[in-house]
Each structure stands twice: as structure tokens, then as C-alpha cells.
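Down below is the structure, laid out as C-alpha cells.
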There are 2 protein chains.
Amino acid sequence: MKTTKKYGKKIDLALSLWVKLSRAFTVVQQKAAEDIRKSGLTVPQFAVIECLGHLGELSIGELTKKQLVTGGNMTLVLDNLEKEGLIKRRRLQENRKIIKVSLTEKGKQKFLKTFLPHAKFISMLLSVLNETEQKTLANLLKKLGKTIQNKNI
Amino acid sequence: MKTTKKYGKKIDLALSLWVKLSRAFTVVQQKAAEDIRKSGLTVPQFAVIECLGHLGELSIGELTKKQLVTGGNMTLVLDNLEKEGLIKRRRLQENRKIIKVSLTEKGKQKFLKTFLPHAKFISMLLSVLNETEQKTLANLLKKLGKTIQNKNI
DNA sequence: TTTAAATTGTTTAAATTTAAACTAAATATA
DNA sequence: TATATTTAGTTTAAATTTAAACAATTTAAA
């Protein structure tokens, strides 16, 4: 922790936290991305497969909200997954504005084959923190993420 | 916290932590990016200005390491900052492979004008956690980031 | 010394991402 | 009903980012 006050105690602490949050995320993200690419999927493709694999059929809007990406981007990711036969789109008859997305049989196989190994990789990576530390960290991050997201600034 | 074991306690905990880390980072990052764009700089441009403003003259390699971006990308960011007259490049005579980058007078003014308001914004954003929580979080994130980065996987 | 290897930074092409304009469908309002 | 607004998703153009090939310089090894 820095001991010199550059901009005042409160600001210095927040900046230091933000730097460490960025660094920790980026480091994990880059290792995770390397691991994901081995499966032949891009990171956003993997994220969609994972989301559908765990939560079942979702609308495109729900997917973009879950992953905090823009709609145009999601369209492209889904197009590519559709071309590979991993997902399918289905227009809702009750509300024809909405398109539901789900895994095909091939997509389910891909999910089953790729997710657990990647989960183990992440677990191995994060094992530099013990169980208690991981729980504490997760709780603080949850509070940070949830509160800021719900806050309209 | 999830109570159902999907992949075993250890893996579930790590996955849950990774999701929360991503979410917290992304949420803060998107708010921070919005704030930075008001200054007329892109996020990576701002990061370079900040780095040079705080650390003084750095080589291009040092900048890419600090920001965990690829070299090609840094070249473009520096080109654009140079066009705007905010930074300057200087080839080292002792080692002509190395190019040192520093802020111009205009760049220093930009740094002084933009950094503190942004720092205050970040501080306000992170104030959803109290001082103790911020310190705990920063320490855990530091441990996570440093250890994984030094670990060769 | 001279060649080979490593380091530093740039260029290029391709992939990714965003923002804004757009289409289509549903809902609200006059 | 008819028009306007909102919502859901797509298209497009531009910006960003990466990875790989490249050039220049330095260092190491034969």
C-alpha cells in the first residue's frame, strides 16, 4: 500500500483499489482467454455457450444484459455460432419481437466437453487464494458490482 | 452465494469468484470509460497520459507491460497522442532499439486538467465500500493479480 | 570477426467491439 | 382506428485490438 498521499487519503485508496481490480481482472482474463481458445471458441462465443448451457433458452436481450455487451456484437457472435451449428434462434409466437436462443445438440456436446475443463483451469488459477480469502473477495466484489450497477450515475 | 454444488465445492467457489470479479470490473470500467470520454481522450490514451504523468519518461516496452496491451496497439495509441501533440518520442542514444516516451507541455496540462476530476469520480464510484472494505479488497486483489502474473501457466 | 539469436518497436491484415442508423413489432395515446 | 412511441434485434461504418510478419538494433556464440 502506498504511504504517500498524492490526492488525499480517500482518493488514493480508491485509485489504488481500482488499479488492483483492473490488474487482477486483466491477468486472470488473459490466462482464461488462452485456455478458452484451445477449445476452438472465441471468448464471447464461449460465454454464450456457457450461459445457455447453464440457464437454458434465453432471449437475445437477456444474453446481452448478462454479458454487458452491445446488441450488434451479440448478433455477430450468435451468427457465427449459428453457422457452426452450435446454437439456434427461435422467434417467439406470443411476442414476435423476441428471439429465443438455445443450444443445439452439437452445442450441448460442446458445452459438456469444454466447460468443466475450463472451470478446473479457473479453479487452479484462483487457488493462489485459500477458501476463506476467496469467499471474502467474492462477497466484496459482489457488493461493489451490484451496488454500482444499480446506482445511476 | 450459491448453495448447490454443481462441479464440487472448490470449483464452484472459484467460478463464483471469477464471475463476480468480471462483473465488478466491467461495471466500474464502463462507468470510468464514460467519464474519461468526456475529456476527449480514449481510455487507452488516458491510461498512457496518466502513466507518463505519474511516472515520467518511459520506454514503449515499459508502457505496454504496465498496461498489458500488445505492442501494435501501443504504437497506434502513441501515434494518435503524438498527432495531438500530447506526447513525444525520443530514441535513446545509448541503446538505439529503445524509444522513450514523455508528455509534452500540452500533455502535462492535459494530465493536470483531467486526472484529478477522474480520480474523484472513481473515488465516488467506489465509495459504496467503506475504507476497511476497500483496504481488504485491495489487498486480496493485489495478492491475486501479483501471484498469477508471476506464475507461469 | 561473423553469424545467429534475442530484443524493441512498427506494419499489416483480420477479428472484435462499439455506436448510430435502421427495420419490424408491440404498446400507448389521441 | 390511426398515429406516435417504445422495444427488440440487425446492419453498417468506424474504431479498437490482436497476432503475425517484419525491420532495426543489440547481444551472444561460433
Side-chain angles (χ1 to χ4, degrees), chain A residues 22 25-27 29-49 52 57-84 87-102, chain B residues 22 25-27 29-38 40-49 51-52 57-84 87-102:
Chain A
S22 303
F25 170 80
T26 308
V27 169
Q29 209 255 348
Q30 287 183 352
K31 303 275 186 193
E34 249 178 74
D35 186 62
I36 286 170
R37 277 186 225 107
K38 289 179 198 159
S39 69
L41 294 169
T42 67
V43 173
Q45 285 175 352
F46 181 85
V48 167
I49 298 277
L52 298 176
E57 199 179 49
L58 293 173
S59 75
I60 294 179
E62 287 168 330
L63 275 173
T64 64
K65 250 173 251 154
K66 287 234 175 285
Q67 300 186 17
L68 300 182
V69 295
T70 55
N73 193 1
M74 187 54 75
T75 295
L76 184 69
V77 172
L78 293 176
D79 285 352
N80 290 332
L81 284 171
E82 206 169 27
K83 271 177 215 153
E84 306 239 352
I87 62 113
K88 52 179 184 282
R89 287 174 163 101
R90 174 177 78 83
R91 194 172 282 275
L92 259 198
Q93 285 316 306
E94 308 89 281
N95 182 345
R96 294 184 36 72
K97 274 190 304 187
I98 292 176
I99 295 179
K100 289 280 194 174
V101 182
S102 59
Chain B
S22 303
F25 170 80
T26 307
V27 169
Q29 210 256 348
Q30 287 183 352
K31 303 275 185 192
E34 248 178 75
D35 186 61
I36 285 171
R37 277 187 224 105
K38 288 179 199 160
L41 295 169
T42 67
V43 173
Q45 284 175 353
F46 181 86
V48 167
I49 297 278
C51 223
L52 298 176
E57 199 180 50
L58 293 172
S59 77
I60 293 179
E62 288 168 330
L63 274 172
T64 64
K65 250 173 249 154
K66 286 234 174 286
Q67 300 188 15
L68 301 181
V69 296
T70 55
N73 192 2
M74 188 53 74
T75 295
L76 184 67
V77 172
L78 292 177
D79 285 352
N80 289 332
L81 285 172
E82 206 169 27
K83 271 178 215 153
E84 306 240 353
I87 62 111
K88 52 180 185 282
R89 288 174 163 102
R90 174 176 78 86
R91 194 172 282 275
L92 259 199
Q93 285 316 307
E94 308 90 279
N95 183 345
R96 294 184 35 73
K97 275 189 304 186
I98 292 176
I99 295 179
K100 289 279 194 175
V101 182
S102 58

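Each chain gets a letter, A, B and so on, in the order its sequence line appears, and its residues count up from 1.
What you find for B:V101 and B:R89 is that their closest heavy atoms are CG2-CG, 4.5 Å. The two residues A:A33 and A:V43 have their closest heavy-atom pair at CB-CG2, 3.7 Å. Taking both residues in full, the closest heavy atoms of B:Q30 and A:L68 are given as NE2-O, 3.3 Å, listed atom of the first, atom of the second, then distance. Summarising the geometry of B:C51 relative to B:Q67, their closest heavy-atom pair is CB-NE2, 4.0 Å, with the distance given to 0.1 Å. Across A:T70 and A:T64, no two heavy atoms sit closer than the pair O-CG2, 4.4 Å. A:L41 and A:L81 get closest at one heavy-atom pair: CD2-CD2, 4.3 Å.
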Open item on the list: What does the 5'-to-3' dot-bracket notation of DNA chain D look like when only Watson-Crick and G-U wobble pairs under 3.5 Å count, and pairs to other strands show as |?
Closed with: ||||||||||||||||||||||||||||||

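For A:R89, the side-chain atoms get nearest to D:dT10 when compared with the rest of D:dT10, D:dA8, D:dT25.
Listed in residue order, the members of residues 64-74 of chain A having a heavy atom less than 4.0 Å from DNA chain D are A:G71, A:G72.
Annotation: salt bridge (charged side-chain N to carboxylate O under 4.0 Å, His left out) contacts of A:R37 (sequence neighbours excluded): none. Under the rule for a side chain to side chain donor-acceptor pair (under 3.5 Å), B:E84 has no partner lying at least two apart in sequence or in another chain. Checked against side chain to side chain donor-acceptor pair (under 3.5 Å), A:E57 has the following partners two or more places apart in sequence or in another chain: A:R90.
Toward the 5′ end of DNA chain C lies the nearest nucleotide of B:E62, the other residue of the pair B:R37 and B:E62 mapping further downstream. Comparing B:K97 and A:K97 against DNA chain D, the residue whose closest nucleotide sits nearer the 5' end is A:K97. Judged by closest nucleotide on DNA chain D, A:L78 is the one of A:L78 and A:Q30 placed further toward the 5' end.
Across all strands, A:R91 comes closer than 4.0 Å to no nucleic acid atom at all (heavy-atom distances).
In the 5' to 3' direction, nucleotides of DNA chain C lying under 4.0 Å from heavy atoms of chain A begin and end at C:dT16 to C:dA26.
The CD1-C1' distance, from A:I60 to D:dT10, rounds to 9 Å in whole Å.
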